[in-house]
Amino acid sequence: MGVYHAGSRAVQDRVGVRDLADHVGRAVGQGIKPVAAAFLEIQPFLVVGAAAPETGRVWSTAVTGPPGFVRATGPHQISVEVSVSGGPPPTDPLATALATPGTPIGTIALDPRTRRRMRLNGRLRPTARGFAVEVEQVFANCPKYLQKRKSYETVDDRRPGNPQRGGELTSRQVGLVAAADTFFLATVGPDGADASHRGGNPGFVRVDSPRELSWPDYAGNAMFLTLGNLETDPRAGLLFLDWTTGTVLRLTGEARTEFDADGERRVRFTLTEAVETEAAVPLRWSEPEYSPANPEVTG
């Protein structure tokens with residue numbers, strides 16, 4: 001599998017960064033190096049993205065567990081033990097996908113303590129204790145737009161609430177989105193699924209209506225894997241996390257990229273369904289230190 005498909009190339013050419021993308025793309029590998037394996041084994045949560053086979057909708061969700069619940073079991077495979085973790089319950093939008101052999105899956109391990117992140121994409125294989133991912137792409141991203149959270153604690157008596165579903169954002173959900181400094185974005189394309197991170201100062205995600213969100217696409221690594229996927233397939237899944245209470249808000253719908261005359265990019269997302277679950281993640285993180293790379297929020 002090549003690093004870039006036609007969608008990513010189209011965005012790179014429009015922005016004029018194909019040569020830079022070729023240079024950056026050399027860092028994308030197919031194997032998990034020892035430093036990457038060591039990084040994975042100390043993470044308490046993993047974000048995954050995929051299309052639900054029963055509906056075709058793209059979702060992003062999170063699984064959690066004690067350090068070691070995610071680990072490399074070879075140079076081309078990771079294992080995720082949901083039997084010892086906060087694995088997705090049957091009501092999770094991706095429960096079926098995570099039990100279906102061959103599901104294209106994108107994952108991202110993000111460590112707020114060190115402002116490091118790693119993406120691993122491939123194909124899923126169910127296991128007796130969770131699932132494994134046969135990895136096809138492995139790469140790290142720079143720490144831009146990652147908020148630092150120095151520590152976390154596991155809240156053992158936290159129990160997930162019943163999922164609340166709807167076709168529009170409630171006032172409380174609008175507040176969660178408006179206050180967010182981080183969210184995760186799942187997309188799909190010709191080569192499979194991908195899960196990525198978006199960050200900024202609170203307010204960088206704008207709620208334009210109960211069914212529409214938008215956010216600026218800040219300058220990054222010039223690869224345009226996410227926007228490239230959206231160029232070929234508009235389906236997208238967003239995951240917002242309350243880092244204190246563990247509430248998660250999962251959104252599925254379609255997204256498109258808008259380019260203005262000044263070369264600025266904005267992504268506009270139209271909601272199909274929202275699923276909010278209180279106390280879904282048993283982690284309580286410390287207050288954020290905002291990235292010095294975050295642009296000032298305007299408008």
Side-chain angles (χ1 to χ4, degrees), residues 1-3 25-53 58-90 92-141 146 152 154 184-189 191-197 223 225 237 239 241 280-283:
M1 180 176 68
V3 176
R26 298 189 187 105
V28 178
Q30 295 180 324
I32 304 170
K33 297 180 179 180
V35 66
F39 175 77
L40 289 174
E41 290 197 9
I42 62 173
Q43 302 311 314
F45 78 105
L46 182 74
V47 172
V48 302
V58 171
W59 296 91
S60 180
T61 195
V63 291
T64 66
F69 89 104
V70 180
R71 57 191 175 90
T73 51
H76 302 286
Q77 180 175 281
I78 64 170
S79 171
V80 182
E81 295 189 14
V82 297
S83 61
V84 298
S85 73
D92 189 288
L94 286 182
T96 300
L98 298 183
T100 302
T103 296
I105 185 172
T107 75
I108 179 168
L110 184 151
D111 193 335
R113 297 165 295 183
T114 58
R115 297 178 61 231
R116 293 175 60 197
R117 52 183 160 166
M118 180 181 304
R119 286 153 74 175
L120 303 95
N121 302 331
R123 303 277 169 170
L124 180 141
R125 177 174 55 82
T127 65
R129 303 183 69 179
F131 61 89
V133 179
E134 301 291 341
V135 175
E136 298 169 348
Q137 283 187 332
V138 183
F139 57 101
N141 289 134
L146 269 69
Y152 74 90
T154 301
F184 299 92
L185 175 58
T187 58
V188 294
D191 296 331
D194 180 69
S196 63
H197 152 276
M223 299 174 77
L225 299 182
L239 174 67
L241 169 64
V281 172
L283 306 176

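In what follows, every heavy atom counts, from backbone to side chain, and hydrogens, waters and symmetry copies are set aside.
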Quiz item: side-chain contact (heavy atoms from CB on, under 4.5 Å) between Leu110 and Phe184: does it pass, once the steps are laid out?
Solution: CA-CA 10 Å; Leu110 184 151; Phe184 299 92; 4.0 Å; yes

Practice problem: May I have the step-by-step check of side-chain contact (heavy atoms from CB on, under 4.5 Å) for Phe45 and Val63, ending in yes or no? | Solution: CA-CA 6 Å; Phe45 78 105; Val63 291; over 6 Å; no

Quiz item: Stepwise, does the salt bridge (charged side-chain N to carboxylate O under 4.0 Å, His left out) test hold for Glu81 with Arg129?
Solution: CA-CA 5 Å; Glu81 295 189 14; Arg129 303 183 69 179; 3.2 Å; yes

Practice problem: Quick one: do Leu124 and Thr100 satisfy side-chain contact (heavy atoms from CB on, under 4.5 Å)? Show the steps, please. | Solution: CA-CA 7 Å; Leu124 180 141; Thr100 302; 5.7 Å; no

Self-check item: Check against side-chain contact (heavy atoms from CB on, under 4.5 Å), Glu136 and Asn121
Solution: CA-CA 6 Å; Glu136 298 169 348; Asn121 302 331; 5.9 Å; no

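Closest of all the heavy-atom pairs between Pro101 and Ala99 is CD-O, 3.7 Å. The two residues Pro93 and Ala52 come nearest to each other via the heavy atoms O-CB, 3.7 Å. Nearest heavy atoms, Ala193 versus Pro104: CB-O, 3.6 Å. A pairwise comparison of heavy atoms in Leu94 and Ala50 identifies CD2-O, 3.6 Å as the closest pair. Between Pro44 and Arg113 the shortest heavy-atom distance is CD-NH2, 4.2 Å. Between Ser60 and Ala186, the shortest heavy-atom contact is CB-CB, 3.9 Å.
In this structure, CD1 on Ile108 lies 10.0 Å from CE on Met118, to the nearest 0.5 angstrom. Annotation: the span from Asp194 atom CG to Leu225 atom CG amounts to 6.0 Å, rounded to 0.5 Å. For the atom pair OG1 of Thr73 and CD1 of Ile32, the computed distance is 7.0 Å after rounding to the nearest 0.5 Å. The structure places CG of Asn141 at 8.5 Å from CG of Leu146, a figure rounded to the nearest 0.5 Å. The CZ atom of Phe69 sits 12.0 Å away from atom CD of Glu41, with the distance rounded to the nearest 0.5 Å. Here the CZ atom belonging to Arg117 is positioned 13.5 Å from the CD atom belonging to Gln43, to the nearest 0.5 angstrom.
Annotation: side chain of Asp111 is in contact with side chain of Ile42 (closest heavy-atom distance under 4.5 Å). Between Thr154 and Thr64 there is no side-chain heavy-atom pair separated by less than 4.5 Å. Here the side chains of Met223 and Val28 are in contact, with some heavy-atom distance below 4.5 Å.
Without hydrogens or angle criteria, Thr103 side chain to Ala97 main chain gives a donor-acceptor distance under 3.5 Å. Proximity of a side-chain donor or acceptor of Thr107 to a complementary backbone N or O of Leu120 within less than 3.5 Å is detected.
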